[in-house]
There are 2 protein chains.
Amino acid sequence: MAQDTPPAKRGRKRAVGEDEVVAAAIRLLGTRGADAVSIRGIAAELGLAPNAVYTYFPDRAAVVRAVVEHLLGETDLAALTAHDTPWRDRIHTLAADLRHRLLAHPGAVNLLLSGRMDGPHALALGEALLAVLADAGLDPTQAARASYLLIVQVLGAIALEAAELPSPLPPPPIAERVATRREQLRGVPADRYPRTVEAADTIARFVSDEQYAWGLDRVLDGIAGRAKG
Amino acid sequence: MAQDTPPAKRGRKRAVGEDEVVAAAIRLLGTRGADAVSIRGIAAELGLAPNAVYTYFPDRAAVVRAVVEHLLGETDLAALTAHDTPWRDRIHTLAADLRHRLLAHPGAVNLLLSGRMDGPHALALGEALLAVLADAGLDPTQAARASYLLIVQVLGAIALEAAELPSPLPPPPIAERVATRREQLRGVPADRYPRTVEAADTIARFVSDEQYAWGLDRVLDGIAGRAKG
DNA sequence: TACATTAATTGCACAGCGTACAGAAATTGG
DNA sequence: CCAATTTCTGTACGCTGTGCAATTAATGTA
């Protein structure tokens, strides 16, 4: 275990570390929402002057990237490579895990979608996804395309759900969110939007576990159709 | 045609109208990016003091909602209801149109994803989508679920593409974006991420028309599998 | 024509943001 | 003990959204 203590440098000691900065950011994300993840907010959380943060990260975008990386790093990739469970189930588990974790910090998904996801954890997730899709019988090219499709689907669904969460935390439970949607759908005029009104009950449940899993299953159906044999 | 001139009100005349505010916002969105869509920027664009904008909209979020509504209103819904073309083609046309328009104003999709899409144009789009999916042979419940799936897929894909566009406008052409991705993928270590490196060429093309259409086709495959008969 | 009423616009102000720059504080090697 | 080096702080600039009071412009009424 290379204890990488870079051989005792000269100069003042750091009050905190990069990880504590990220931790403070995530703490703010969870308690006061994405808007509270500011340089000044993080600094206050750490008991530092705002500028001190720039010792650890060059700018706010870098902090956000690190936060995203950390969030992606919490993913349980082992569940993806569990060869004893069917590949579709493994993807379902990963997708549900991501959804729960990202919706617990509403606004987190917006951070993900605010820049490229090219850190090591993002790469590891992609790699694991490619392995699962190889298990599913896809050749490398098809597997790559399918992996991107899955990421789009999962992050897209989470982003749309997060979009209608209220800004003050914490987010209401799903039942309440569905009830709110149902209430708002009651105001839709049936003459102009007949099919919308007819399906209002299903539409109200768009933000549910079931819809999320249903959509993922359709995507998996489409992907399975490209597997050889 | 009820010329709804609300019978000559008292008080100072308005310098502009709501639509001009929205138009100024979209102009800024296209020329200087999403960050430039600020109250002060819009006011400057209109030759007004910042506060004057609050005559037309209660706050910035309301302006953004109006912008989103306007962007959605530009969609050609007639193409969706063209009964002489196969339903999948109609959806492909709509999806491609949305992608081109939203990526022309990078950051626009982030505005879409920053709140509920419940305006009349959003409703009209949903209604048209339900009609197409009814043509495809889905019952109302399945059609509703499928419509949400499609919206998730389309907006998700656009959001992921927009996430890696550079902030200074205009956005580079697709070929250049793919080249950038390919370049960045050259730095990925093959020992740790073998499948990623193996499929690097496909991964570089994630931001292409082909990947977008391929993903949509897999979703449509999955949806078609739920049609009766 | 004068005035009062009403609406739109402005100026000013406040609190917040990211961050650049200079200097103070702290820690170490020589 | 000093000089070098690093971190942290104080201050400041320009930007943001937006509230409040005063000003400007248009109207209906007297």
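Proteins come first, then strands; the chains are lettered A, B, ... in the order of their sequence lines, and each starts at number 1.
- For the side-chain hydrogen bond (donor to acceptor under 3.5 Å, both in side chains) test, no residue two or more places apart in sequence or in another chain qualifies with Gln153(A).
- In this structure Glu20(B) satisfies the salt bridge (Lys or Arg N to Asp or Glu O under 4.0 Å) test with no other residue, sequence neighbours excluded.
- Among pairs with a residue in residues 56-79 of chain B, those fulfilling salt bridge (Lys or Arg N to Asp or Glu O under 4.0 Å) read Glu74(B)-Arg101(B), at least two apart in sequence or across chains.
- Evaluation of the salt bridge (Lys or Arg N to Asp or Glu O under 4.0 Å) rule for Arg14(B) yields Glu18(B) as partners, not counting sequence neighbours.
- Applying the side-chain hydrogen bond (donor to acceptor under 3.5 Å, both in side chains) test to Arg218(A) and every residue at least two apart in sequence or in another chain returns Asp221(A).
- Glu45(B) pairs by the side-chain hydrogen bond (donor to acceptor under 3.5 Å, both in side chains) definition with Arg27(B), not counting sequence neighbours.
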Scan nucleotides 17-24 of chain C against the protein and return all N/O pairs shorter than 3.5 Å with their distances rounded to 0.1 Å.
{"from": "dC17(C)", "atom 1": "OP1", "to": "Ser38(A)", "atom 2": "OG", "distance (Å)": "3.0"}
{"from": "dG18(C)", "atom 1": "OP1", "to": "Ile39(A)", "atom 2": "N", "distance (Å)": "2.9"}
{"from": "dG18(C)", "atom 1": "OP2", "to": "Ile39(A)", "atom 2": "N", "distance (Å)": "3.0"}
{"from": "dG18(C)", "atom 1": "OP2", "to": "Arg40(A)", "atom 2": "N", "distance (Å)": "3.3"}
{"from": "dG18(C)", "atom 1": "N7", "to": "Arg40(A)", "atom 2": "NH1", "distance (Å)": "2.3"}
{"from": "dG18(C)", "atom 1": "O6", "to": "Arg40(A)", "atom 2": "NH1", "distance (Å)": "3.2"}
{"from": "dT19(C)", "atom 1": "OP2", "to": "Tyr54(A)", "atom 2": "OH", "distance (Å)": "2.9"}
{"from": "dT19(C)", "atom 1": "OP2", "to": "Arg60(A)", "atom 2": "N", "distance (Å)": "2.9"}
{"from": "dT19(C)", "atom 1": "O5'", "to": "Tyr54(A)", "atom 2": "OH", "distance (Å)": "3.2"}
{"from": "dT19(C)", "atom 1": "O4", "to": "Arg40(A)", "atom 2": "NH1", "distance (Å)": "3.3"}
{"from": "dA20(C)", "atom 1": "N6", "to": "Asn51(A)", "atom 2": "OD1", "distance (Å)": "3.0"}
{"from": "dA20(C)", "atom 1": "N6", "to": "Asn51(A)", "atom 2": "ND2", "distance (Å)": "2.9"}

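- Sorted by first and then second residue, the pairs that involve residues 196-213 of chain A and meet salt bridge (Lys or Arg N to Asp or Glu O under 4.0 Å), not counting sequence neighbours, are Arg99(A)-Asp209(A), Arg182(A)-Asp201(A), Asp201(A)-Arg205(A).
- Heavy-atom distances under 4.0 Å link DNA chain D to no residue of residues 16-32 of chain B.
- Taking Thr196(A) as the reference, Glu127(B) meet the side-chain hydrogen bond (donor to acceptor under 3.5 Å, both in side chains) condition, with sequence neighbours excluded.
- Within residues 62-69 of chain B, no residue has a heavy atom under 4.0 Å from DNA chain C.
- Scored by the salt bridge (Lys or Arg N to Asp or Glu O under 4.0 Å) test, Arg195(A) finds no partners at all (sequence neighbours excluded).
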